[in-house]
2 protein chains.
Amino acid sequence: MGITDRKLRQKEEVRASILDTAWEMVVTEGWQSFSIRKIADAIEYSVPVIYSHFENKDAILLEFNRKGFQLLNEALAKAKAATDIPAEQIRAMGRAYWDFAFQNKEYYQLMFGLGIPTCETVNKIPAIASFSDTIISTLVAMVAPGRKPSFDPFLKYQSFWSMLHGLVSINMSALGNRPDAPSGHEHANLPLQVLGDVMCSFIRGIEAQENEQPN
Amino acid sequence: MGITDRKLRQKEEVRASILDTAWEMVVTEGWQSFSIRKIADAIEYSVPVIYSHFENKDAILLEFNRKGFQLLNEALAKAKAATDIPAEQIRAMGRAYWDFAFQNKEYYQLMFGLGIPTCETVNKIPAIASFSDTIISTLVAMVAPGRKPSFDPFLKYQSFWSMLHGLVSINMSALGNRPDAPSGHEHANLPLQVLGDVMCSFIRGIEAQENEQPN
DNA sequence: AATTTTGCCTAACGGTGTTACAAAAAGTAA
DNA sequence: TTACTTTTTGTAACACCGTTAGGCAAAATT
């Protein structure tokens with residue numbers, strides 16, 4: 001059946017153009033101008049056509065969420081693969097997380113900034129689980145097997161991620177600016193210094209715990 | 001002129017009722033039902049009356065932002081005053097920050113979650129500067145005067161705050177849940193453990209740096 | 001060629017923030 | 001008390017938003 005094929009293909013094209021157009025609008029005009037009506041206008045279809053491809057607005061956002069976590073996972077995997085030393089992997093992943101956030105502000109804002117993800121949302125995005133897996137497995141590899149009396153990988157994973165997310169979101173807002181702000185480009189790369197500082201104390205914290213005596 | 005006084009008093013009453021009613025609605029129904037029209041309905045005035053007290057919706061939010069930072073500052077100051085040991089002050093303030101966030105979710109969501117604060121917003125809220133001052137002064141007190149070769153208080157302040165904010169925002173969303181999630185209340189207080197973990201490595205990081213050799 | 005199915009659009013519903021303008025109330029002066 | 005002025009308030013509109021019901025026309029099927 002060639003006709004059915006062509007129809008499926010065309011339907012898929014419209015779906016893709018919805019996503020593409022919507023994303024282009026978000027990147028150029030920000031999330032505040034993400035609107036079903038504007039998308040419909042841009043793709044030169046009427047509004048209900050969009051609803052024949054997506055249940056509602058959130059369904060489109062969910063799609064972008066998926067894509068975002070997929071991209072983030074790829075970035076982390078790539079950073080991790082660059083070395084074999086677990087501590088270096090952690091450091092590289094921290095940097096990759098940072099870079100992803102600032103090279104894809106719109107994704108990051110959607111994934112972690114805008115609507116606080118609900119449980120359902122999390123369950124709909126398997127890539128979130130993959131994200132935590134990548135980090136946790138590296139953390140486990142960091143402590144030599146056997147002597148880790150009070151080491152909880154999930155706890156350390158949350159610490160790691162919390163530090164990164166806090167750092168990113170503060171620096172993405174105006175809250176990260178130095179209050180005195182003297183001439184201008186004096187501490188232009190302070191955020192990266194903070195990142196390094198935070199990663200150092202995190203890694204040192206784990207290594208210190210590793211040398212702990214079993215009780 | 002008693003009449004002018006009474007008018008001012010009445011005007012102030014309406015203004016207060018706008019804020020009170022709006023806040024009550026936010027607390028009971030969440031931020032998504034924060035609407036000028038609903039407020040007008042609740043205070044039994046027409047919509048334009050609200051615009052005679054506030055320039056627009058954002059002006060009302062700004063007011064809540066002010067109040068939120070004021071409350072946060074009070075909580076931090078109280079925690080700080082409980083001890084004289086700087087490291088303990090930092091620890092107490094971290095805990096106070098955490099408690100504030102979860103005892104005032106709506107405030108926290110407004111202050112750090114919803115709209116990413118712009119530079120203008122930050123400048124309109126002097127309490128934000130006071131927030132950073134409180135923390136930075138404690139950090140400065142932590143390192144013995146004289147031997148602190150590479151100690152940047154603002155950098156440490158950002159680290160401190162980043163960790164706290166990341167921790168809070170992750171645990172306020174569904175992203176902080178353990179993926180396996182066995183029976184239910186097994187690791188109910190894991191977040192507090194993570195908080196303690198993060199604070200420990202932060203304080204240890206500063207103390208380690210204090211023992212650094214000047215170069 | 002007649003009929004069913006499909007795809008699409010118009011137009012509406014109920015909601016939002018914001019504002020122009022008119023009516024009503026309150027204060028002031030004669 | 002009456003006439004005038006100022007202030008306060010409400011009505012109704014504008015321009016958006018997400019979402020959906022219903023009908024029309026083209027396409028596919030019989």
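Keep in mind it's a predicted model, so treat the numbers as computed, not measured. We use all heavy atoms of the structure for the numbers below, so side chains are in, but hydrogens, waters and symmetry mates are not. Naming: A, B, ... by sequence-line order, numbering from 1 per chain.
Distance CG (B:Leu61) to P (C:dT16): 15 Å, rounded to an integer number of Å. Between B:Met25 atom CE and C:dT16 atom C1' there is a gap of 13 Å when expressed in whole angstrom units. The CD atom of A:Gln10 sits 13 Å away from the C1' atom of D:dA26 (whole-angstrom rounding). As a whole-Å value, the separation of B:Asn56 CG from C:dT16 C1' is 14 Å. Atom CZ of B:Phe54 is separated from atom C1' of C:dG17 by 16 Å (rounded to the nearest Å). Rounded to an integer number of Å, the gap from NZ of B:Lys57 to P of D:dA15 is 21 Å. Here D:dC17 presents its C1' atom at 16 Å from CD of A:Glu29, a figure rounded to the nearest Å. The CZ-C1' distance, from A:Arg37 to D:dT19, rounds to 9 Å in whole Å.
Looking at residues two or more places apart in sequence or on another chain, you find a ring-ring contact (aromatic ring centres under 6.0 Å, His included) between B:Phe34 and B:Trp31. Qualifying side-chain contact (heavy atoms from CB on, under 4.5 Å) partners for A:Asn73, counting only residues two or more places apart in sequence or in other chains: A:Ala127, A:Ser130, A:Phe131. In this view, A:Lys38 and A:Met25, A:Ser33, A:Ser35 satisfy the side-chain contact (heavy atoms from CB on, under 4.5 Å) rule, not counting sequence neighbours. In this structure A:Gln70 satisfies the side-chain contact (heavy atoms from CB on, under 4.5 Å) test together with A:Glu74, sequence neighbours excluded. The side chain to side chain donor-acceptor pair (under 3.5 Å) search around B:Lys67 returns none, not counting sequence neighbours. Applying the side chain to side chain donor-acceptor pair (under 3.5 Å) test to B:Ser159 and every residue at least two apart in sequence or in another chain returns A:Asp197. With sequence neighbours excluded, no residue forms a salt bridge (Lys or Arg N to Asp or Glu O under 4.0 Å) with A:Glu12. Residues that satisfy the salt bridge (Lys or Arg N to Asp or Glu O under 4.0 Å) test with A:Arg15, not counting sequence neighbours, are A:Glu63.
Using a 4.0 Å heavy-atom criterion, one finds that B:Lys11 contacts no nucleic acid atom at all. If you check every strand for non-hydrogen atoms under 4.0 Å, A:Phe34 touches sugar and phosphate atoms only.
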Polar atom pairs (N or O), protein with nucleotides 24-27 of chain C, under 3.5 Å:
unit_1 : atom_1 : unit_2 : atom_2 : d
C:dG27 : OP1    : B:Arg6 : NH1    : 3.4
C:dG27 : OP1    : B:Arg6 : NH2    : 2.5

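Two residues, A:Glu55 and A:Lys38, neighbour DNA chain D, and the one matched to the more 5' nucleotide by heavy-atom proximity is A:Lys38.
For the residue pair B:Lys80 and B:Ser137, a side-chain donor N or O sits within less than 3.5 Å of a side-chain acceptor on the partner.
Each of B:Ile135, B:Val140, B:Thr138 was checked for a side-chain contact (heavy atoms from CB on, under 4.5 Å) with B:Tyr157, and the lone residue meeting it is B:Ile135. Of the options A:Trp23, A:Phe102, A:Phe112, a ring-ring contact (aromatic ring centres under 6.0 Å, His included) to A:Tyr107 is made by A:Trp23 and by none of the others.
Comparing the helix axis at one end of the helix from C:dA1-D:dT30 to C:dA30-D:dT1 with that at the other, each defined from 5 consecutive pairs, gives an inter-axis angle of 30° (nearest 10°).
Phosphate proximity of D:dC16 to A:Ser35: absent, as no side-chain N or O sits under 4.0 Å from OP1 or OP2.
Contact check of residues 44-52 of chain A against DNA chain C (heavy atom, cut-off under 4.0 Å) returns A:Tyr45, A:Ser46, A:Pro48, A:Val49.
Counting only residues at least two apart or on different chains, the side-chain hydrogen bond (donor to acceptor under 3.5 Å, both in side chains) pairs with a member in residues 93-106 of chain A are A:Arg95-A:Asp99, A:Tyr97-A:Tyr108, A:Tyr97-A:Trp161.
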